[in-house]
Amino acid sequence: MYFVSWVTHIDNHVLLERNLMAEQFSHLPPLESPYGLSDEQVKKYQTEGHIMLRGLASPEEVAAYRPYIRSVLEEVTERKAKQGRPGGYASFFAQVTNVWRLHDAALRFVIARRFARVAAELMTAPGVRLYHDQALFKPAGGKATPWHQDQVYWPLDTPRTITMWMPLIDLTREMGTMVFAAGSHREGPLTQLAISDASDAFFDRLVRDRGFSLQSYDLKAGDATFHAGWTAHATHPNSSGSVREVMTIIYYADGARIVEPDNEYRRVDMEAFHPGQRPGEPAASALNPLLYSKVG
Ligand SMILES: O=C(O)CCC(=O)C(=O)O
């Protein structure tokens with residue numbers, strides 16, 4: 001059975017309970033074949049805390065999934081669904097979290113073995129689990145996303161965390177691409193500030209004072225950047241007349257444990273993304289399927 005074999009790398013009953021047999025989505029590309037990372041790319045990621053990969057998905061593969069991801073975003077933002085985190089980021093982007101739970105087509109994209117394998121190989125982790133996904137659509141005229149470090153939000157005991165950031169359409173800098181402070185991940189936590197004007201001012205000064213090289217890329221649909229949880233990053237504003245359509249998937253190394261939340265963001269994330277779990281436990285709730293395992 002095609003769909004059953006397609007999901008055998010998933011060890012979690014939650015996904016298997018989903019209607020993966022749905023004929024409706026059988027035309028969607030499986031996104032299974034390996035990308036073929038080089039040792040140089042892995043080394044570059046580990047040195048700089050981010051990397052840009054051309055053609056991780058083909059334009060055709062992305063085009064097949066795009067309408068489903070867009071439809072979820074449009075539906076959720078229309079009814080202004082509240083999703084977990086405190087704080088309002090509406091001027092930066094329209095945000096829908098865990099799209100994989102809202103649509104079976106998006107599920108196939110988010111659990112894609114090709115993407116998860118790249119995440120594992122960049123972190124030299126034997127396996128990765130899903131933390132969550134986010135569709136991040138920056139509206140035309142949307143402000144720059146302020147400088148921040150993601151892991152301020154994440155109650156995990158490992159630096160081996162990573163975000164795949166993939167545009168669904170071709171992007172130029174004017175549409176709000178990412179800016180990374182290369183090598184900043186090696187500093188670990190630099191502040192407890194969450195995304196805000198304050199974090200933006202803090203990092204703006206810090207990257208200048210420390211002389212971090214700032215790197216940014218124009219991307220075609222299906223190209224992707226990956227960045228580590230402690231890599232300081234921001235985006236350009238969207239000064240174009242078009243919506244910037246991006247899908248992100250966040251992974252962590254299998255075996256990571258939940259830490260006692262030391263801020264409100266981490267407490268909320270623990271409850272939202274590791275439901276029923278306690279600090280000290282391996283982070284492996286029903287919402288964190290193992291998406292790739294070298295031995296599996
Ligand atoms: O897409 C954006 O505007 C920000 C994304 C971001 O900060 C992230 O994915 O970590």
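Across all non-hydrogen atoms, the minimal contact from His236 to Ser216 is NE2-OG, 3.1 Å. The two residues Tyr45 and Thr161 come nearest to each other via the heavy atoms OH-O, 3.9 Å. The two atoms that bring Gly183 and Phe212 nearest to each other are C-CE2, 4.0 Å, heavy atoms only. The two residues Met123 and Ala253 make their nearest non-hydrogen contact at CE-N, 3.9 Å. Closest of all the heavy-atom pairs between Ala64 and Pro67 is O-CD, 3.7 Å. Residues Gln215 and Ala182 come closest through the heavy atom pair NE2-CB, 3.7 Å.
Taking NE2 of His185 as the start and CD of Gln151 as the end, the distance is 12.0 Å to the nearest 0.5 Å. With rounding to the nearest 0.5 Å, the separation of CG in Asp170 from OG in Ser242 is 11.0 Å. In this structure, Ser199 OG and Leu190 CG are separated by 12.0 Å, a value rounded to the nearest 0.5 Å. Between the OG atom of Ser240 and the CE atom of Met175 there is a distance of 4.5 Å, given to the nearest 0.5 Å. Interatomic distance, CD1 of Ile169 versus NZ of Lys220, reported as 11.5 Å (0.5 Å rounding). Within the model, atoms CG of Asp223 and CG of Leu56 stand 8.5 Å from one another, a figure rounded to the nearest 0.5 Å.
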Test Asp269 against Tyr265 for side chain to side chain contact (heavy atoms under 4.5 Å, CB included), laying out the working first.
CA-CA 6 Å; Asp269 262 33; Tyr265 300 101; 5.8 Å; no

Asp133 and Asn98: CA distance, side-chain angles, deciding distance, side chain to side chain contact (heavy atoms under 4.5 Å, CB included) verdict:
CA-CA 5 Å; Asp133 69 59; Asn98 273 343; 4.0 Å; yes

Hey, mind stepping through His50 and Tyr217 against side chain to side chain contact (heavy atoms under 4.5 Å, CB included) and telling me if it holds?
CA-CA 12 Å; His50 77 278; Tyr217 311 90; 2.6 Å; yes

Applying side chain to side chain contact (heavy atoms under 4.5 Å, CB included), run through Phe203 and Leu193 and close with a yes or a no.
CA-CA 10 Å; Phe203 281 106; Leu193 292 169; 5.9 Å; no

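Within a 6.0 Å radius of CG in Asp209, more than 12 heavy atoms belonging to other residues, nucleotides or ligands are found. Enclosure of atom CZ in Arg66 by more than 12 non-hydrogen atoms of other residues, nucleotides or ligands within 6.0 angstrom is indicated. Taking a 6.0 Å sphere around CZ of Arg278, one finds it holds 12 or fewer heavy atoms contributed by other residues, nucleotides or ligands.
For the pair Lys143/Pro237, no side-chain contact is recorded, criterion being any heavy-atom separation below 4.5 Å from C-beta on. Two residues are said to be in side-chain contact when any heavy atoms from C-beta on lie closer than 4.5 Å; Asn288 and His274 meet this criterion. A heavy-atom distance below 4.5 Å is found between the side chains of Trp230 and Pro189. Looking at heavy atoms from C-beta onward, Leu130 lies in side-chain contact with Trp100 at the 4.5 angstrom threshold. Using a 4.5 Å heavy-atom cutoff, the side chains of Ser33 and Arg114 are in contact. A 4.5 Å side-chain heavy-atom check between Phe92 and Ile195 finds at least one atom pair inside the cut-off. With contacts defined as side-chain heavy-atom distances shorter than 4.5 Å, the pair Met270/Pro279 qualifies. Side-chain contact check for Arg160 versus Val128: every heavy-atom pair is 4.5 Å or farther apart.
Ring centroid separation for the pair His103 and Tyr65 does not come in under the 6.0 Å cut-off. Ring centroids of Phe25 and Tyr68 are separated by less than 6.0 Å, placing the two rings close together. Less than 6.0 angstrom separates the ring centroid of Phe115 from the ring centroid of Phe109.
Checked by atom type and distance alone, the side chain of Thr235 pairs as donor or acceptor with a backbone atom of Thr145 at under 3.5 Å. With hydrogens and angles ignored, the 3.5 Å screen pairs no side-chain donor or acceptor of Glu121 with any backbone N or O of Leu37. Under a 3.5 Å cut-off, the side chain of Asn238 and the backbone N or O of Gly142 do not form any donor-acceptor pair. The backbone N or O of Gly49 lies less than 3.5 Å from a partner atom in the side chain of Thr231, making a donor-acceptor pair. Using a distance-only test at 3.5 Å, with no hydrogens or angles considered, no donor-acceptor pair links the side chain of His132 to the main chain of Leu287. Side-chain atoms of Arg266 come within 3.5 Å of backbone atoms of Val152 as a donor-acceptor pair (strictly under, hydrogens ignored). The backbone N or O of Gly188 sits less than 3.5 Å from a side-chain atom of Gln149, completing a donor-acceptor pair. Formation of a donor-acceptor pair under 3.5 Å by the His148 side chain with backbone atoms of Pro146 is found in this model. In this structure a side-chain-to-backbone donor-acceptor pair under 3.5 Å is present from Arg244 to Gly176. Side-chain N or O atoms of Thr225 include none that pairs as donor or acceptor with a backbone N or O of Met52 at under 3.5 Å.
Taking hydrophobic clusters as Ile, Leu, Val, Met, Phe, Trp and Tyr residues chained together by side-chain heavy-atom distances below 4.5 Å, Ile51 does not share a cluster with Met178. Both Tyr153 and Leu156 belong to a common hydrophobic cluster when Ile, Leu, Val, Met, Phe, Trp and Tyr are linked at side-chain heavy-atom distances under 4.5 angstrom. Under the 4.5 Å side-chain heavy-atom criterion for Ile, Leu, Val, Met, Phe, Trp and Tyr, Met164 and Leu168 are members of the same hydrophobic cluster. Note on Val96 and Met166: same hydrophobic cluster, where clusters join Ile, Leu, Val, Met, Phe, Trp and Tyr whose side-chain heavy atoms are under 4.5 Å apart, directly or indirectly. Hydrophobic clustering, with ILVMFWY side chains joined whenever heavy atoms are under 4.5 angstrom apart, keeps Val62 apart from Leu219.
The aromatic rings of Tyr131 and Trp154 stand perpendicular to each other, their planes meeting at an angle above 60°, with 30° marking the opposite boundary.
The pair Arg208-Asp204 meets the salt-bridge criterion, with a side-chain N (NZ, NE, NH1 or NH2) lying under 4.0 Å from an Asp/Glu carboxylate O. Ion pairing of Lys43 with Glu40 is absent here, as no side-chain N (NZ or NE/NH1/NH2) approaches a carboxylate O to less than 4.0 Å.
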